[in-house]
Amino acid sequence: MIKAILIFNNHGKPRLSMFYQPYSEDTQWQIIRETFHLVSKRDENVCNFLEGGLLIGESDNKLIYRHYATLYFVFCVDSSESELGILDLIQVFVETLDKCFENVCELDLIFHVDKVPNILAEMVMGGMVLETNMNEIVTQIDAQNKLEKSEAALAGAPARAVSAVKNMNLPEIPRNINIGDISIKVPNLPSFK
Amino acid sequence: MVASSSSLKLQDLIQEIREAKTQAQEREVIQKECAHIRASFRDGDPLHRHRQLAKLLYVHMLGYPAHFGQMECLKLIASPRFTDKRVGYLGAMLLLDERQDAHLLITNSIKNDLSQGIQAVQGLALCTLSATGSAEMCRDLATEVEKLLLQPSAYVRKKAVLTAVHMIRKVPELSNIFLPPCAQLLHEHHHGVLLGTITLITELCERSPAALKHFRKMVPQLVHILRTLVTTGYSTEHSISGVSDPFLQVQILRLLRILGRNHEESSETMNDLLAQVATNTDTSRNAGNAVLFETVLTIMDIHSAAGLRVLAVNILGRFLLNSDRNIRYVALTSLLRLVQSDHSAVQRHRPTVVECLREPDDSLSRRALELSLALVNSSNVRAMTQELQGFLESCPPDLQADCASGILLAAERFAPTKRWHIDTTLRVLMTAGTHVRDDAVANLTQLIGGAQELHAYSVRRLYSALAEDISQQPLVQVAAWCIGEYGDLLLEGSCEETEPLQVEEEEVLALLERVLQSHMSLPATRGYALTALMKLSTRLHGDNKAAILEKIPLVERGGSQADEEAKESKETAQLSEAAPVPTEPQASELLDLLDLLDGPSGDAQHPPPLDPTPGGALIHLLNLPCAPPPPAPIPNLKVFEREGLQLNLSFVRPPGTPTLLLITVTATNTSGGDVTHFICQAAVPKSFQLQLQAPSGDTVPAQGGLPTTQLLRILNPKKAPLRLKLRLTYNHFGQSVQEIFEVNNLPVETWQ
């Protein structure tokens, strides 16, 4: 089981924090800090596995991490997960992000902070691996984004109609209409605003 | 409709927070924005509520409180729009775990969303349910989820399956609902659904032996699925580096392991396939290795053919030599799992494992340490201990404790000789003394004590070790103890097993003094040193007692008065050191020494022998007829004599403390019978303060044997004439005796 998935940068600033076990907020924060502390100490050419810190470990748990440019991707797992498998999973995640954001970099994760959890949720659910096929994941995300867009369009419809009408060129309304000997006075109509 | 136009869009908020230069600035921005968000929640446009919550969730990720958004999550989940639900469900996962009161309120929304047919929405509900669903919720919604297992949409099915796993974890009885659909689900072609199904079956089997039995019937089917994956070759859809869906393969292998364990028939069914995977998997990339490792573990866990087992362990051995550190790590972990069941197979790789101790990578060396310790047995204990000692000297501090206790444990179990055992323990104490467990000292003293033939050897080695380094407390304690016990062996002659070492009494005592004085010494350590000194006083002969005594420092023991005396006596001691044959020991120091040894109640009994008579064989630490140098010594006083039992008093007025008088009561016995149960009590006039230290013993042996002594401290602030009454009780010649008398003829120097 995956206990937590954390993304933070080289200074420990969190970019994503997903916990799949109920920890209190304080504990979550301590876990993030401690994980950063442990992981940032590691050299570049050591293995990608760390025994978990005091907080997140029962001795069973370990941290599996990868360092991509300015970001650390850390999966905290128990002994039921394959270590090498999780390494591949992290890679799948990053490649999926890459597909969704076109050459993903930290800035994407920062400014699209609301989208990243959605992408992750298509890969890992309830602490278990849900889907590892990148195309499937990306297809789903695209479909969901389309759904959102269409809803936004609908929601914006009334406002757009109003502004469209405002910009219309309406001819002058005559004050008097004289047909033969009938004279009609046109009343004052409230204008569109 | 009031839209707070002054509140920011998410991206703008992010930008503003990034621009904040200090923590305080960031906090300010966020607090301002949270106020807007709160206002908007209260009376803002429901259409934009999702944006407000998105901002709040971002702020929450940065570590700021967001609990006021909980109700908004509920509202958004209940909204018909997907956009709202998406943020709402995410918010529920982050803010509404099952300990929150509002948590249960989402049950209804989830129920509705599960049954309303838009797969994206169903997916959201399932996701949140599987992440944070409480036991109660799971019970309520189990049948809904069960229905979804048959949904046409594979997307929904795969999520429903994993949700079922979560539900079973929360409410184990729900296994009954989710077991039946598994057979059907195993026929799925969709990898995601299949993956979830395998996970579900694994969970069911791990929880119930009945389920395990049930699913054993499906082993052939599982083998078939795995074979298809393995032989399919390169399929772009699910392959990772050319391996078809390694995640699914690994899951299936794990399930096969559980099913094949302790079951011949199942094991046999999978044997061929496992052999095939073990030999044919491409190991050039990580994905292949993941599958291979899982295969090896499965082979070792089930009833596999012997040849296959050997193959499996050899694969692990090969991986130990792989250049990829991750592979080495997993190899070490796997071997550790096997070390109990296949000890000899793993032993074959011991040299490589030991190599891994030298890894600079902490994760690897830690694993190597665990495995190395598990591999120690009686035939390799010497070599292994050598390696482990080397590791101990250079390993990271957090591993030192484990390594040290591991070595000591191994030594205890497999020590080939006592001497080797002592040497090994000694070396560990010298290298990592601060990290050993508390019982190490006791164990070593017991070990040495029990090995009589090694006393001389031990005391020499410990002496040398102590002389080099007095900072490692456990070592110092054992060394002090040993020197105290066997100091005579240290000084006399030589020991064949060590290099010749000529040690003088003075050196020994000087060393113990250093220990006493060192600020690194713990109180317990000083206790050991003091005890050793006392013991030495009974075991060492020699005329240069005085020099020895003068060097003995005094340990602060609360009461500045003692310190003052200490300093004073030390100074006078140094003065008299110049004397070529100092015959008079500084009694004050001795007495203060005794002072420290005896607690307020005082019960230490170490007979420092005393023989004031000229024919006395031993002159000891507490030798009295004492005469403080420059001031004229106060003559001793014999105060009591009966049937060979004699009581003498000797007096000291320590310079610099005019109100203090120290009296040592010495009882000697020249008769033919022992005096036993000897108790001496004293009384002084009211203006005096009397402190009676514990006597050195309660037996005065016959024929001029070891006398007993007792120290009296008398404070005379008023400088009144001293009067002293003594009460003696003892047994002698089979009779109990009591004597009360006042001491007459007290010299005036005792109080003037």
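Keep in mind it's a predicted model, so treat the numbers as computed, not measured.
Looking at A:Gln140, the atoms closer than 4.5 Å to chain B (heavy atoms on both sides) all sit in the side chain, from C-beta outward. Both the backbone and the side chain of B:Gln15 come within less than 4.5 Å of a heavy atom of chain A. Using a 4.5 Å cut-off between heavy atoms, B:Asp245 touches chain A through its side chain atoms alone. Of the atoms belonging to B:Thr333, it is side-chain heavy atoms, and not backbone ones, that fall under 4.5 Å from chain A. With a threshold of 4.5 angstrom between heavy atoms, B:His67 does not approach chain A through any atom at all. Of the two parts of B:Arg285, neither the backbone nor the side chain holds a non-hydrogen atom closer than 4.5 Å to a non-hydrogen atom of chain A. Only the side chain of A:Pro117 comes within contact range of chain B, with at least one heavy atom under 4.5 Å from a heavy atom of that chain. Contact annotation for B:Arg18: only side-chain heavy atoms (C-beta onward) come within less than 4.5 Å of a heavy atom of chain A. Contact annotation for B:Tyr89: neither backbone nor side-chain heavy atoms come within less than 4.5 Å of a heavy atom of chain A. In this structure, no portion of A:Ile86 lies under 4.5 Å from any heavy atom of chain B. Both the backbone and the side chain of A:Leu89 have a heavy atom closer than 4.5 Å to some heavy atom of chain B. Both the backbone and the side chain of B:Leu162 come within contact range of chain A, judged by heavy atoms closer than 4.5 Å. Looking at A:Lys149, neither its backbone nor its side chain comes within 4.5 Å of chain B, counting heavy atoms on both sides.
Using a distance-only test at 3.5 Å, with no hydrogens or angles considered, no donor-acceptor pair links the side chain of A:Gln144 to the main chain of B:Ala120. Remark: side-chain polar atoms of B:Ser363 are paired, donor with acceptor, to backbone N or O of A:Phe49 under 3.5 angstrom. Between the A:Glu151 side chain and the B:Thr83 main chain, a donor and an acceptor come within less than 3.5 Å of each other. Judged purely by atom type and a 3.5 angstrom limit, B:Arg325 has no side-chain atom pairing as donor or acceptor with the backbone of A:Asn48. No side-chain donor-acceptor contact under 3.5 Å links B:Asp97 to the backbone of A:Tyr23.
Contact annotation: the side chain of A:Met18 approaches that of B:Met93 to within less than 4.5 Å [non-hydrogen atoms, C-beta and beyond]. B:Thr132 places none of its side-chain heavy atoms less than 4.5 Å from the side chain of A:Gln21. The shortest distance between side-chain heavy atoms of A:Val113 and B:Ile14 falls below 4.5 Å. Residues A:Val129 and B:Gln251 have side chains not in contact (no heavy-atom distance under 4.5 Å, counting atoms from C-beta outward). By the 4.5 Å heavy-atom criterion applied to side chains, B:Gln11 and A:His112 are counted as neighbours. Side-chain atoms of B:Lys159 and A:Glu122, non-hydrogen and from C-beta on, do get closer than 4.5 Å to each other. The closest side-chain heavy-atom distance from B:His190 to A:Glu136 is below 4.5 Å. A:Leu130 has its side chain out of reach of B:Leu195: every pair of non-hydrogen atoms, C-beta onward, lies at least 4.5 Å apart.
For the residue pair B:His60 and A:Glu25, a side-chain donor N or O sits within less than 3.5 Å of a side-chain acceptor on the partner.
Distance check: A:Lys146 NZ to B:Phe82 CZ gives 13.0 Å after rounding to the nearest 0.5 Å. In this structure, A:Lys115 NZ and B:Arg86 CZ are separated by 8.0 Å, a value rounded to the nearest 0.5 Å. One finds the SG atom of A:Cys47 at 9.5 Å from the CZ atom of B:Arg367 (value rounded to the nearest 0.5 Å). With rounding to the nearest 0.5 angstrom, the OG1 atom of A:Thr132 is 8.0 Å from the CG atom of B:Leu248. We find the CE-SG distance between A:Met125 and B:Cys127 to be 6.0 Å, quoted to the nearest 0.5 Å. Interatomic distance, CG of A:Leu84 versus CG of B:Asn326, reported as 6.5 Å (0.5 Å rounding).
Among the candidates B:Leu62, B:Leu57, B:Thr199, B:Asp362, the residue making the largest number of heavy-atom pairs closer than 4.5 Å to chain A is B:Leu62. With respect to chain A, the highest number of heavy-atom pairs below 4.5 Å among B:Glu359, B:His191, B:Arg254, B:His166 belongs to B:Arg254.
Around the CD atom of A:Glu102, the shell of radius 6.0 Å holds no more than 12 heavy atoms that belong to other residues, nucleotides or ligands. In this structure, B:Lys170 places its NZ atom where more than 12 heavy-atom neighbours from other residues, nucleotides or ligands lie under 6.0 Å away. Remark: B:Arg207 CZ is packed, more than 12 non-hydrogen atoms of other residues, nucleotides or ligands lying under 6.0 Å away.
Among the residues in residues 291-298 of chain B, those with a non-hydrogen atom closer than 4.5 angstrom to a non-hydrogen atom of chain A are B:Phe293, B:Glu294.
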Stepwise side chain to side chain contact (heavy atoms under 4.5 Å, CB included) test for A:Arg42 and B:Asp361: CA-CA 8 Å; A:Arg42 302 279 286 168; B:Asp361 179 348; 3.0 Å; yes
Going through the checks in order, is the salt bridge (charged side-chain N to carboxylate O under 4.0 Å, His left out) test met by A:Glu83 and B:Arg328? CA-CA 12 Å; A:Glu83 288 107 338; B:Arg328 293 218 288 283; over 6 Å; no
Could you walk me through whether A:Met1 and B:Arg169 pass side chain to side chain contact (heavy atoms under 4.5 Å, CB included), step by step? CA-CA 12 Å; A:Met1 195 194 149; B:Arg169 286 186 182 151; 3.8 Å; yes
List the steps, then state whether side chain to side chain contact (heavy atoms under 4.5 Å, CB included) holds for A:Phe19 with B:Leu94. CA-CA 8 Å; A:Phe19 290 89; B:Leu94 296 175; over 6 Å; no
List the steps, then state whether side chain to side chain contact (heavy atoms under 4.5 Å, CB included) holds for B:Tyr58 with A:Asp114. CA-CA 7 Å; B:Tyr58 171 63; A:Asp114 50 338; over 6 Å; no
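For A:Glu131 and B:Lys158, the salt-bridge test passes: some basic side-chain N is under 4.0 Å from an acidic carboxylate O.
Considering every non-hydrogen atom in both A:Ser17 and B:Met61, the closest pair reads OG-CG, 4.2 Å.
Residues that satisfy the ring pair (Phe, Tyr, Trp, His ring centres under 6.0 Å) test with A:Tyr20, not counting sequence neighbours, are absent from this structure.
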